[in-house]
Number of protein chains: 2
Amino acid sequence: MSRPERGHISGNDALLVLETIETCLAADSDQDLYETVIPCIQKLFSFDYASLTLGTWQAAQRKWSPQALYSLNLPGSFWESYQKSNWIADPVVAESLRGRPHQHWSMTAGQTILDTGETRAPPLHPSAALLMDYGIYSGYTSAVAPAGPGESCSMITFCTGRDRGLDPRTRDILSHLTPHLHQALLRNQNNGKAPDILLSNRESEVLNWLKLGKSSWDISMVLGISERTVNFHVYNLMRKLGAINRPQAVAIAVSRGLIGLD
Amino acid sequence: MSRPERGHISGNDALLVLETIETCLAADSDQDLYETVIPCIQKLFSFDYASLTLGTWQAAQRKWSPQALYSLNLPGSFWESYQKSNWIADPVVAESLRGRPHQHWSMTAGQTILDTGETRAPPLHPSAALLMDYGIYSGYTSAVAPAGPGESCSMITFCTGRDRGLDPRTRDILSHLTPHLHQALLRNQNNGKAPDILLSNRESEVLNWLKLGKSSWDISMVLGISERTVNFHVYNLMRKLGAINRPQAVAIAVSRGLIGLD
DNA sequence: TTGTCACCTGTCAGAAATGACAGGGCGGGC
DNA sequence: GCCCGCCCTGTCATTTCTGACAGGTGACAA
């Protein structure tokens, strides 16, 4: 367990950061994200464009696949073009996922300059050319690593149309904020789905035994009903969940939070 | 979306709160919790005892079942006695779960006084008598509601051996901290289990198709191998996961984070 | 070389699940 | 009274899964 040093923010900054973290915790819709969280961040430091993307990061395959996207002032056409390019080949994304979570970058003619002083010369990745086409010249990009295997991670970028150097205060603020922005994105994504499947008591009960590997006969013994009735409940709950067999029913139920993980 | 007013903390407090939130984010073992997070909180306000419990809260049954417990200066015998009593009948817990997440309480002879001014007179709940037996007279208890259905929630208590009144600053600090303490507890709990089950590429692949409700034949078509081989992989992954059939294999894999929820 | 491991394939009997048919009772809301 | 959801039960044919038997390849490390 190690924590980076962050000595560049004042008490007043800290209060604003706390307020922003609160808005992240309270945000439970896309609207909240745009109308409450983003304005709160704008009180902390200035930026012209923002992109908050949530996706999966497969360590084994070194692959980053964005799944949800929130952007501020970035036209849809930018994302269409960007999606077509290979994310992982973007030098900033690549560096992020290589263990440098917080980065500052800027562009000069044909070069991407990272905050390590490193420059990525031509052949320039298409994404860099794309950024310059849209008039974006510098920004901060943070990656929030997935909490566990198979979980989502975020790539969070705030950028400007001017060529600005790295500001330690902004960097420190971002290192405080990004984990909570990630949580907010994650929560929002989960709110999107889940259209209220209601199982009856018996169905939940049967489902919980299924999860534990019990067969219909086993369950019939536990519940004191006939095996046929257990199959009846299984059939109904599969229909409600939209599953075509038991493994899928269990998977859907767990992902919808209808039964605990245990 | 609504946020409570919190006007009782200073810029300096805010910096310390941010630091504490950082320790919560970085804590990934029980040791971190005791040696880094708790001392950090002690820099913010003083307390003699603490208990951080993580458990499940079944809204339908109004039932709170603690699953993990971290305590500071509270002897094991206290918890043994407390566990035997009915948690939900504890007036503070009951109030918490009724939608008052942050509470201050104190004891006088035979009474529990809540911060609403309400008093819970005898017959006193056994837990109250128990607290007084151990010399605990007042404290703050916060409940962090589960993020989604089937998810865990926390009950977090900081208390003292003296009869102290409600301090708005402490209350505000706690309302900032508790969501992150909850996250830390949650993360620690998940770190506790998961003894590294390693599936081969093919096994994960097969597992992911199982989760989607595909039969062995379906999977054999997708992967271009024989149905027998699919069964072979399924047999192996069930053995590795300790499952006796496919539904259980999927449930275990999801709970261990070996495959995504989707 | 020998060993291990992932990967692949076959057969077979018995167990389990699926999905259709049929029927019954009980309680609550309109 | 009727409808609806929940709960319960039966039979049957077909499909799928389980768990044992048997065997093979190629890669990589000790």
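On a predicted model such as this, the values are computed, not experimentally measured, just so you know. Residue numbers begin at 1 in each chain, while the letters A, B, ... track the order of the sequences.
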Distance test, side-chain N/O of A:Y235 to OP1/OP2 of C:dA17, below 4.0 Å:
no

Phosphate contact (D:dC7 OP1 or OP2) by A:S200 side-chain N/O below 4.0 Å:
yes

May I ask you to verify if any side-chain N or O of B:T229 is less than 4.0 angstrom from the OP1 or OP2 atom of C:dC7?
no

DNA chain C: B:V230 or B:N245, which has the more 5' nearest nucleotide?
B:V230

Selected nucleotide, minimal atom distance to A:R202 side chain, candidates C:dT18, C:dC7, D:dC8
D:dC8

Is the phosphate of D:dT16, meaning OP1 or OP2, less than 4.0 Å from a side-chain N or O of A:R246?
no

Interatomic distance where CZ belongs to B:F232 and C1' belongs to D:dA22 [whole Å]:
13 Å

To the side chain of B:S226, which of C:dG10, C:dA17, D:dT16 is closest?
C:dG10

Does A:K240 have a side-chain nitrogen or oxygen under 4.0 Å from the phosphate oxygens OP1 or OP2 of D:dC6?
yes

Without hydrogens or angle criteria, can the side chains of B:S220 and B:S226 be said to hold a donor-acceptor pair below 3.5 Å?
no

Value in whole Å for how far the C1' atom of D:dC8 lies from CG of A:N236
12 Å

For B:L199 and C:dC7, what is the distance between atoms CG and P respectively, to the nearest whole Å?
10 Å

What nucleotide, of D:dT18, C:dC7, D:dC7, holds the atom closest to the side chain of B:N201?
C:dC7

I'd like to know if the side chain of A:N231 pairs up with that of A:R228 as donor and acceptor (distance under 3.5 Å, no hydrogens or angles considered).
no

B:S175 versus B:H102, side-chain donor and acceptor atoms under 3.5 Å:
no

Presence of B:R228 side-chain N/O under 4.0 Å of C:dC8 phosphate oxygens OP1/OP2:
no

Selection from C:dT18, C:dC8, D:dC7 that lies nearest to any side-chain heavy atom of B:I225:
C:dC8

Stepwise side-chain contact (heavy atoms from CB on, under 4.5 Å) test for A:V206 and A:L223
CA-CA 9 Å; A:V206 167; A:L223 299 183; 4.0 Å; yes

